[in-house]
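Okay, structure first, notes after.
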Amino acid sequence: MVADPEGDADVRLLPDGDHEVLAGLDRTAAPREADRTDPLPTLFARQARRTPRAVAVLDGAESVSYAELDARSDQVAQRLRELGAGPESVVGVVLERGAELVACLLGVWKAGAAYLAVDPAQPAERVRRLLDDAGAPITLTRRDTVPGLDRPGILRTDEHPFDDAPATPLPVVAEPAGLACVVYTSGSTGRPKGVQITHGGLAARVAWTVRQHRLGADDRVLQKTSVGFDAAGWELFAPLVCGGTVVCAPPGAERDPGAVLRAVAEHRVTVLQAVPSVWRLLVDTPGWERCTSLRLLFSAGEPLDGDLARRLLSRPGPALWNTYGPTECTIDVTAHPVPPDGAAGPVPIGRPLPGTVLRVLDARMRPVPVGVTGELYAGGGGVARGYLGRPDLTAERFLPDPSGPAGARLYRTGDLARVRPDGTVEFLGRADDQVKVNGVRVEPAEAAACLLARPDVRAAAVVPRRTDDGGKRLVGYVVPAGPDPLDPGELRRRLAAELPAAMVPAAFVVLDRLPLTASGKLDRGALPDPGPGAGREFVAPATPTERALAEIYASVLGLERVGADDHFFDYGADSLLIIKVIAAARRRALPLTLRMLYEYDTLAALAAALGPAADTTDGTNPTDRTEGRDMPVEETGRTTRGVREVRVAREEMLEAMRRARVPGVALALLEDGEVVSAEGYGVTAADRPEPVTARTPFQVASVSKHVTVLAVLQLVSEGLLNLDADINRMLTSWQVPDSSGITLRELLSHQAGLSHVRPTNFLPTETMPSVLDVLTGRPPAGNEPVRAEHPAGTRFRKTNINYSVLQTLLEDVTGEPFEALVRRLVLDPLKMTDSSFDQSYPHHCGVPVAIGHDPQGAPIAGRWRVRNEVAAGGLWASVTDLAKVAREIRRAHRGEPGTLITRPLAQQMLTVWHPGSFYGLGTVLDDTGGDVEFGHGGRTVGFRVATFTQLGSGEGLIVLANGESGRRIQAFVADAVRRADGRVLTGRMSGHWLSAPDVPVEAPEGVLADLPVRRADEGDADE
C-alpha cells in the first residue's frame, strides 16, 4: 500500500495467475459489427416480412402467422398511440398467456412505450398495486381476466377490440437505452421493486440465445413462464426474431407437469426452460419419455445439481445449459453447457455472456483470489437502469465499477460466489435474507410487512426453513395484538389475497412474543419449528372424497396418515408440493384448485367443497352429478326389461374394441330420462395409459348442433331472435348474397339452400381460416364465396355451412364470442363441466382428453382436429354431460319446470320441418320405431359418436368412441340393447345409420356420392 497509495496494490496482492483468470470474466469489449443487435420490435417486423406465412404463435387451436401477428400488433400500436402512449410511458398488460398477449406486447413496443406485464393469476389487489406503482396510464386486459380490477385507463380488449384500427406500421422509436419493460421483484422494505429493463439489454440477451444455439424456423419454444418474470421475455421473443414458433402452454400448466409434457409432446416443442425443482417434477411424471422432440433444455432460477443434470441428459439428443442472472441484469448474465458425464454436486453457473462483466469482490469491493468466496457483482449492457421511482434503492444496489471505464456500473447481486481455476463461477448462496422458493425470488420482509399491516398482529417475522429435500419454505411467526387468538388459516387466506403464492408462508406459528438476542435483534435460532397437528386428536377421514384427499396428501407429503381435521399447510407444503397435490387430485377427477387449498383449512372442509369423489381405480367413472344434484348410478339386474337389463360385460366390450381397433369408449344408458349406467372402457390414447372414464372429453362432431340449438332457442324466448325472420336482417358482419329470404328456422333445419362448402378439419398447428374467411371465400380459405344457391325451403341438404352462418349471426346479434355465449346459456346452467366449444380446450382442461385414432387404431396426426365452424362440429364433451343435454330436452318437451327452454320451443325443436328429412331444429328425429327418438350422430377425423333418447320411454344411450371404426362399437351396443328388449335405436333411420358404410372423414371429394345414404345424411362427410 505504501508503494501505491491509490490502492492498486490490492490487485497486485492476488496470487500469480489469478489476474488472467479474472480477466476472462470481462466480456464488455465493443461487440463486432455482426453482433450488434437492433431492438426486438425491429427484428420481429423484419422477420415478418421475410416469412409472412410461417406460424408465429400456436395458442391452443389458434395458429397465428407472422403476417397476422405483425398486423395485429400494428393495430394495437395505432390505438395506444391515439391514447397517448409513447417513449418512457408504461402500459400495463394483464392478459392470459396466448396470441393476444404477444400481439399486445409487440404493439406496446411499436407505439414506442414500455410494457409492464402482470400475471393475472396474482391477487387483484396486488395487480392494482403494481399498476399504480408503475404509474401505468393505460392497462390492456379483458373483462373476466382479473375480476374486480378497476382503475383509470383500463382498456378491455374484448369490449374494445383493435379490429377497426389501421394495420399501418408506425416508425420504431426504440433506442438501446430506452425503456423496454418493467419487471417487479420482491422488496425487502415490504414494497415490490420495479426493475427498468432497456431495449439494448433485452435485445442482446435474446440475440445470444439465437446465435449461440442456432435457433431457427424449425424451433418451437414452449412459453410457460409467468409473464410477470423476466425469463418469459426470451421464451416469447427469441423464436419470433428467427422464424421459429412460440407455443403457448395451456392455462394452469405451471401447476400441472403433466400438461407441460403433453404440450411438449403434442406440439413437438424443441426448446424448454424450467427451474430445477420443476425439472425434477417433469422427469418424474409419466410422459417425459415421449418428449423426444426436445433439443435444448435450460435450467435457471435455482442451483442445479449434477444428479438432476445427469437425469435430464440420460437419453441422447438434448443439450442442457445452466444459466444464472438476477432480474436487474436482464434475465441472465452467465451460462454453462452441462456435460452428460458431469460430476455430482453443484453445477457451475458458468462464464459471462457477451457484453457482460462479472466481479467477485470483498466487503470493500476489492477482487478476491480464485477459489475464495466473495459477493458477486455484474456489469455491462444488460444491467438495468435501476428501480422505477426508487432512486434511494437504485443508488444502494447499482454502484460505480471501480475497475471499469468512466460511467460503468455494477449491480450488487447479494449472491455469494467463487471463481474456479478454469474460470467458471460457482454460486454458493445468499449474503442476506433473500431466498428462492421454487425459483421465485422472495424477500421474507415483504410477507412480514403484510402481516404487520393487520390490526390484530402486534409483531411478525417470516423466516425461511430448509425442507427435507433440500428446498426452502417460509414460516410465519406472529404475536397477537390483543387477547383474541390468531387463526393461522385466516392469516393464510388474507395473505393469499395480497401476495403471490410463493410468498405466502407455508406454515404459521403463534407466539406470545418473538425471541430477541441481547442486541435486540430477532433470535432465529430460538424460533420453534412448526409442529403439524400438535394438540389435535386424529380424526379418520370418513367420506370417499376425504379418503381420496388423505391418500393424496400422505403420498405427496410422505406421511403415514392424514386426518380429516389436519391442515395441509401445517405439513410444510410449498408451491411445488401443491402442484403435485393438484395434479394427483385431477387424476382422480377431483376439481381441486390452488385457491381452494388456501380457502379451506381442513381436509374435511376441502372435501366438502369438492363434492363426491370419482372412483377411477378400475378404469370406470360413475356419473355423480348433473344439474346440481345427484344422478344415481343404478345396478343392472332389475326384473323389468329395457336398457336397465343391458349388460355389456367389460371383457366383451374390450374384445369388440380390439376387433374394431378402437382404443377407448365411453357409454351412458338412460331409463325414464335418468342415467342408469355411465362407464368408460379402454384408454384415451393407444400410446398412453390414462383410462377413459365417464367424464373423459371426446370430440363429438355434429352433436355440437344439438347443443347449439339450445342456446338459439333461449335467445328466441328472450326476443333477441325470431325463428321466422330473414337472417340478413340480423347479420351485420356478412350478408347472404343472392338471397330472396332465408329464415332462422330454415337455417337450423338445413333448408337454407346455401351453396355447399366441404368441411375442413385442421391440424392444431395449421393456419385456419376464420368463419368469415370461409363465407366470403377469401384466403386462406380455398372455397368460392357462399351464396344462396336454391330458394330456401325447397330442399333439404345437411351442410355445416348453415351452422357457420348461424355462428356468425349469433355473434353479430349478441356481441359475444360464440364459445362464451354457449357456455353462459347452456354449458354453465347444465353444469356441463367436461365440455367446451373452445378449440384449445384439450390444452387447458386439466384432464386427459380422448385422442383420435385412424381405422387401424393408430393416433391420428396432430392427435385431434380443430374447427372454425365450432357451432356445427367443434364441441368437446363427455357422456356425463351429453346425458344432461338429453335429459334437459326431454324434460322441456314434457313441460317440466325449471328447464332452459319452454315446452313450445322444445316442441318446435323436435318437429320434422322438411318431409322425409328426419330432421328437426339441430336434431335428428325418428318415429318409425313406435316412439319419437331424438339425438344426433357425429363423425369426425378419429372419432365416432352418437346420442339418441326416446321421448316417451326416456330410454337412451350415448356412445363415444375415439376411433374411425367406432360405428362398429355403436352397432355392438345396439345389439346388446335389442337383446334386452330395449326400444332405443329400433327405428328405420337408426337401423340405416348403423348399417351404412363408414368411410374416413378425410376421404377424397366425391366418395360419399357413391354411398347409399339417406336424405338425413346427405351433405357433409362430417356429420
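Count residues from 1 along the sequence.
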Checklist entry - Parallel under 30°, tilted from 30 to 60°, perpendicular over 60°: which one fits the rings of Tyr387 and Phe398? => result perpendicular

Next on the checklist: Quick test of your reading of the model: are Asp307 and Arg310 salt-bridged, counting only N-O distances below 4.0 Å?
Outcome noted: yes

Next on the checklist: Please determine whether a side-chain nitrogen of the Lys or Arg among Glu88 and Arg385 lies less than 4.0 Å from a carboxylate oxygen of the Asp or Glu.
Outcome noted: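 Arg385 and Glu88: salt-bridged.
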
Next on the checklist: Quick one, Leu240 with Val102, criterion side chain to side chain contact (heavy atoms under 4.5 Å, CB included). Give me CA distance, side-chain angles, the key distance, then yes/no.
Outcome noted: CA-CA 10 Å; Leu240 293 179; Val102 182; 3.7 Å; yes

Crowded around [X] [atom1]? As in, over 12 foreign heavy atoms under 6.0 Å?
{"X": "Glu20", "atom1": "CD", "value": "no"}
{"X": "Arg315", "atom1": "CZ", "value": "yes"}
{"X": "Asp362", "atom1": "CG", "value": "yes"}

Next on the checklist: Under 6.0 Å between ring centres: does that hold for His213 and Phe298?
Outcome noted: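 Ring-ring flag for His213/Phe298: true, centres closer than 6.0 Å.
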
Next on the checklist: Main chain of Val357, side chain of Thr28: is a donor-acceptor contact present, judged purely on distance under 3.5 Å?
Outcome noted: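 No; judged by distance alone, with no hydrogens or angles, the pair does not exist.
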
Checklist entry - Arg220 side chain to Thr270 main-chain N or O, any donor-acceptor pair under 3.5 Å? => result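 Looks like no, no N/O pair under 3.5 Å.
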
Checklist entry - Under 3.5 Å, is there a donor-acceptor pair between the Ser403 and Asp401 side chains? => result no

Item to check | Gln212-Trp321 side chain donor-acceptor pair, cut-off 3.5 Å | outcome: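 There is no such pair between these side chains.
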
Item to check | Candidates Thr37, Asp332, Thr356, Thr330 - the one meeting side chain to side chain donor-acceptor pair (under 3.5 Å) with Arg205 | outcome: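 Exactly one pass, corresponding to Asp332.
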
Item to check | Residue pairs fulfilling salt bridge (Lys or Arg N to Asp or Glu O under 4.0 Å) with at least one residue in residues 269-284, sequence neighbours excluded | outcome: Arg280-Asp305, Asp284-Arg311

